[in-house]
Amino acid sequence: MSVKKSSPALPSVLQKAHRVVERVLRHGDVAVDATVGNGRDTVALARSVGRDGRVVGFDVQEAALRRARKRLRENELADRVALVRRGHEAMRDELAERGHRRIRAAAFNLGYLPGGDHAVITRPETTVPALDAAAAMLEEGGLITVVCYAGHAGGAEETRAVSEWTEQLSQERFHALSYRFVNQKNDPPRLFVVEKLK
Ligand SMILES: C[S@@+](CC[C@H](N)C(=O)[O-])C[C@H]1O[C@@H](n2cnc3c(N)ncnc32)[C@H](O)[C@@H]1O
């Protein structure tokens with residue numbers, strides 16, 4: 001008799017973020033990785049937009065962009081991704097300069113670069129304007145995902161700011177929800193998902 005090995009039915013916060021975005025991205029779409037870091041999210045977005053799609057990725061650290069560039073090359077996805085050394089608060093200008101007025105998805109994975117300088121963190125004063133820009137450019141049916149980590153210095157404050165930002169969105173124009181394991185120790189990460197309705 002074969003024993004079926006089961007994996008948990010509930011996806012992790014990062015798995016959930018990837019799955020919801022994969023569901024809405026179609027080949028040829030434009031997507032934004034607002035925090036490139038090591039490039040794992042960038043790779044996932046680049047796969048989903050296909051050969052004719054585009055991903056624009058932002059990070060303020062060259063070390064992050066270097067790692068992401070390598071990962072994209074290894075996955076043969078570099079040709080559909082533009083990596084920009086600029087804060088995500090410049091999203092609207094950067095996209096306009098590239099001729100993109102609309103986006104289908106924007107992924108934010110906040111905090112510091114794993115394996116990098118932990119002093120360089122995302123901050124509410126730039127994260128919230130970037131979320132405003134992403135929401136303004138989002139197509140109908142498009143999504144914003146935000147993964148927040150409350151456990152590091154400044155993380156709780158930023159999580160609160162993101163939560164408040166999602167709560168003030170008009171329910172006629174957006175669906176917004178959060179996903180979080182409530183019985184995990186040490187401030188588990190929290191995902192916010194925003195869908196543009198009209
Ligand atoms: C948690 S990491 C991102 C992880 C990444 N998505 C991955 O798949 O590996 C957060 C990143 O945000 C970057 N960051 C900090 N401030 C930023 C800003 N204003 N705009 C864009 N990126 C920023 C950091 O340099 C860091 O690399």
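Both ligands and their constituent atoms are indexed starting at 1 by order of listing. Everything numeric in this text was worked out from a predicted model, so none of it was measured.
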Can you tell me the protein heavy atom closest to atom 7 (C) of ligand 1 and the distance?
Val36 O, 3.5 Å

Answer yes or no: does an N/O atom from Arg86 fall short of 3.5 Å to an N/O atom of ligand 1?
no

Gly87 heavy atoms within 4.0 Å reach ligand 1 at atoms 18 (C), 19 (N), 20 (N)

Does any N or O in the side chain of Asp59 come within less than 3.5 Å of the main-chain N or O of Gly37, such that one atom is a donor and the other an acceptor?
yes

So CZ of Phe192 and CD of Glu167: to nearest 0.5 Å the spacing works out to 7.5 Å

As a test of understanding, state which of Asp41, Val56, Val81 forms a side chain to side chain contact (heavy atoms under 4.5 Å, CB included) with Asp33.
Asp41

In the protein, what heavy atom is nearest to atom 9 (O) of ligand 1, and what distance, to one decimal place, separates them?
Asn38 N, 3.0 Å

Can you list the atoms of ligand 1 that are under 4.0 Å from a heavy atom of Arg40?
7 (C), 8 (O), 9 (O)

Side-chain ion pair, Arg23 and Glu195, N-O less than 4.0 Å
no

Any Leu110 heavy atom less than 4.0 Å from ligand 1
yes

Looking only at protein heavy atoms, what sits closest to atom 6 (N) of ligand 1 is Asp41 OD2, 2.6 Å

So which heavy atom in the protein is nearest atom 21 (C) of ligand 1, and how far is it from that ligand atom?
Ala34 O, 3.2 Å

Give the atoms of ligand 1, by number and element, whose distance to some non-hydrogen atom of Asn109 is under 4.0 Å.
1 (C), 2 (S), 3 (C), 4 (C), 6 (N), 10 (C)

Rounded to the nearest 0.5 Å, how far does CZ of Phe181 lie from CG of Leu10?
5.0 Å

Considering only the protein, which heavy-atom contact is closest to atom 2 (S) of ligand 1, and what is its distance?
Tyr112 O, 3.4 Å

Quick one: look up the protein heavy atom nearest atom 27 (O) of ligand 1 and list residue, atom name and how far away it is.
Asp59 OD2, 2.7 Å

Going by the closest heavy atom to atom 19 (N) of ligand 1, which one wins out of Arg67, Glu89, Arg71?
Glu89

So which heavy atom in the protein is nearest atom 15 (C) of ligand 1, and how far is it from that ligand atom?
Thr122 CG2, 3.5 Å

Would you mind listing which atoms of ligand 1 come within a distance below 4.0 Å of any non-hydrogen atom of Gly111?
10 (C)

Whether Glu164 and Arg160 form a salt bridge (side-chain N of Lys/Arg under 4.0 Å from carboxylate O of Asp/Glu) is what I want to check.
no

Would Arg102 and Glu140 pass as an ion pair if we require N to O under 4.0 Å?
no

Interatomic distance, Glu89 atom CD to Glu94 atom CD [nearest 0.5 angstrom]
11.5 Å

Note the single closest protein heavy atom to atom 20 (N) of ligand 1, along with its residue, its atom name and the distance in Å.
His88 N, 2.8 Å

Atoms in ligand 1 flagged as close to Gln61, the criterion being non-hydrogen separation under 4.0 Å
24 (C), 25 (O)

To the nearest 0.5 angstrom, please state how far the CG atom of Leu83 sits from the CZ atom of Arg67.
13.5 Å

Strictly distance-based, threshold 3.5 Å: is any side-chain N or O of Asp117 a donor or acceptor partner for the main-chain N or O of Ala119?
yes

